[in-house]
Amino acid sequence: MDSRLLRYFVAVAEEGSVSAAADALHITQPALSRQIRSLEHGLGLTLFDRGELRLRLTPEGREFLGTARTVLQAHAHAQDFADRLASGRLRKVSLAAPRTTLIDVVAPFVATFTTEDPVPSVVEIGGDEQPHRLVADHDLVIAPQSPGEDVDTRLIAELPVWAYVPASHRWAGRQEVTLEELTEEQLVVTTADFKARRLLDAALDLADLTPRSVLEVRHGRVAQALAAAGRGAGVVTDDPHFDLVPVRIRTGPENSHRPLHIRLHASWRRGHHAAESLEGLVERLRAFSLERYGRTIE
C-alpha cells in the first residue's frame, strides 16, 4: 500500500475538502482527486461521500482513517530508524555481562548515562558464554572471557582476584599474600563457572599446590559473607562488602609476577552500523573503570 496515497487521504479527511488539502500538500486539486479515487479503487472502498459541498467520510472511511494514521506513524518511525542506522546513531543499546561484572561495573556505569545517551538494556549472561557468540544479539558484551578474533574488542580493565579477610585477620595489614600462604588458609571460592575460580585453579595447578580446605559457593557475595563470618578467605573479584579487607594474591616470587587478575573486555559485532558510537561508549567505560578502580595492576 502506497504510503503517499494514505497521506493524501488523511489530509483530505482532516482538511474537509480536496481544495484545502491540495493547498496544504502543494499539489493541484485535480491531481489530488485522481489520487484519492486511485486509493478507493485499490481498496475497493468508497472513502468519501461526495454528495455535498464539503466532503464527508463514509462509515468505511471513518473506520479506515484510524488505520491509515497508524500505518503512516509506523512508516515515519521506520524511516526515522533507518536514518539512525544510516547515520550510525544509537537510540537503544543492549549491554550483556556476567553477574559480577554486571553488578560491579556495568550497572554503576549505566547510572552515569544522561538523556542524551541511548536507552540501555542490561542482560545477565553466563560466566562461561563466549562474546563472539553473543554479539549477534547484543550491542556490547562486557566479559572476562577472551573475545576471539572475529569481533571488535577493547580491554576495559585488569582487576585483581582478591583474598578477602576480616579486619581482625592476620593478613589484614598486608598488601598481598603468596599462593603458598593462601593454601594454608581455608578458602571460600565460587564455582568453576566464575572466571576468578578458574584462574585460581590454574595458578595453583601450575605451582603444584593444593589448598588445605575449600568451601565452594555459587555467589561471590555469599563468599564474602562467609569470609566475614570467619569461615576462611573469600577469593573473588567482587567489590568489597561486610567491611572486609582486600589482599592481592601474588603468583610467584616477589617482583617477578603480577598479582592474580582478570582482564575485562568489551566486544561488539564487527561491522556494527553504530561502531563509532559503541567505541565512544567503550572509551567512557574504560575511563569510568579507571576512576572507580584505579590502575589496580602494576
Side-chain angles (χ1 to χ4, degrees), residues 97-105 108 127-128 142-146 155-265 286 288-298:
R99 178 180 298 174
T100 299
T101 302
L102 188 154
I103 294 172
D104 290 344
V105 179
D128 56 355
I142 299 97
Q145 291 88 331
S146 177
L155 178 66
I156 297 301
E158 293 184 315
L159 304 176
V161 178
W162 299 109
Y164 279 109
V165 295
S168 59
H169 194 278
R170 65 185 186 281
W171 293 346
R174 297 177 56 176
Q175 296 293 317
E176 61 182 21
V177 295
T178 65
L179 277 175
E180 290 82 356
E181 291 175 298
L182 198 67
T183 59
E184 298 169 1
E185 183 80 8
Q186 174 160 296
L187 304 183
V188 187
V189 299
T190 52
T191 53
D193 54 332
F194 285 79
K195 183 73 170 183
R197 172 64 184 280
R198 297 198 297 272
L199 287 173
L200 176 64
D201 287 349
L204 291 171
D205 184 62
L206 185 63
D208 196 23
L209 294 170
T210 302
R212 175 175 65 83
S213 178
V214 172
L215 179 60
E216 185 176 88
V217 297
R218 298 190 61 83
H219 197 289
R221 188 73 61 86
V222 175
Q224 291 196 53
L226 290 171
R231 298 293 183 174
V235 182
V236 294
T237 59
D238 305 47
D239 287 351
H241 296 278
F242 312 115
D243 297 321
L244 292 173
V245 177
V247 182
R248 297 186 188 187
I249 302 170
R250 195 172 75 236
T251 59
E254 191 171 359
N255 299 324
S256 67
H257 285 73
R258 296 196 301 174
L260 192 66
H261 67 281
I262 67 168
R263 294 167 63 87
L264 195 62
H265 305 270
R286 290 183 66 180
F288 172 82
S289 299
L290 177 61
E291 181 179 357
R292 184 175 176 85
Y293 296 106
R295 296 185 181 278
T296 54
I297 299 300
E298 300 172 354

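Excluded from the calculations below are hydrogen atoms, water molecules and symmetry mates; all remaining heavy atoms, backbone and side chain alike, are included. For clarity, every value in this text was computed on a predicted model and none was experimentally measured.
V105 and S289 get closest at one heavy-atom pair: CG1-OG, 4.1 Å. Summarising the geometry of F194 relative to H219, their closest heavy-atom pair is CZ-CA, 4.5 Å, with the distance given to 0.1 Å. A227 approaches A233 most closely through the heavy-atom pair CB-C, 4.5 Å. Minimum interatomic distance between T237 and W162 (heavy atoms only, all atoms of both residues): O-CD1, 4.3 Å. Closest approach of R248 to P259, counting heavy atoms only: CD-CG, 3.8 Å. Nearest heavy-atom pair, E185 versus G232, reported as atom, atom and distance to 0.1 Å: OE2-CA, 4.2 Å.
Between the side chain of Y164 and the backbone N or O of D238, at least one donor-acceptor pair lies under 3.5 Å. Between the side chain of R197 and the main chain of T190, a donor-acceptor pair closer than 3.5 Å is present. For R286 (side chain) and A157 (main-chain N/O), no donor-acceptor pair under 3.5 Å exists by modelled atom type. Under the 3.5 Å distance criterion, the side-chain polar atoms of Q186 are matched with a main-chain donor or acceptor of R231.
Annotation: side chain of V236 is not in contact with side chain of T100 (no heavy-atom distance under 4.5 Å). Considering only heavy atoms from C-beta on, I249 comes within 4.5 Å of L179 through its side chain. Between V161 and L200 there is no side-chain heavy-atom pair separated by less than 4.5 Å. In this structure the side chain of H169 never reaches within 4.5 angstrom of the side chain of V247, judged on heavy atoms. Taking 4.5 Å as the limit, some side-chain heavy atom of L244 sits within range of a side-chain heavy atom of P166.
Shown here is R170, whose CZ atom has more than 12 heavy atoms of other residues, nucleotides or ligands within 6.0 Å.
Taking CG of L226 as the reference point, atom CZ of F242 lies at 9.0 Å (rounded to 0.5 Å). Atom-to-atom distance recorded for L182:CG and E184:CD is 9.5 Å, nearest 0.5 angstrom.
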Step by step, work out the side chain to side chain contact (heavy atoms under 4.5 Å, CB included) result for K195 and L199.
CA-CA 6 Å; K195 183 73 170 183; L199 287 173; 4.1 Å; yes
task: Check step by step if side chain to side chain contact (heavy atoms under 4.5 Å, CB included) holds for L155 and H265.
output: CA-CA 5 Å; L155 178 66; H265 305 270; 4.0 Å; yes
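In this structure A172 satisfies the side-chain contact (heavy atoms from CB on, under 4.5 Å) test together with V245, sequence neighbours excluded.
Results of the salt bridge (charged side-chain N to carboxylate O under 4.0 Å, His left out) test with E181 over R212, R250, R174 single out R174 as the only residue that passes.
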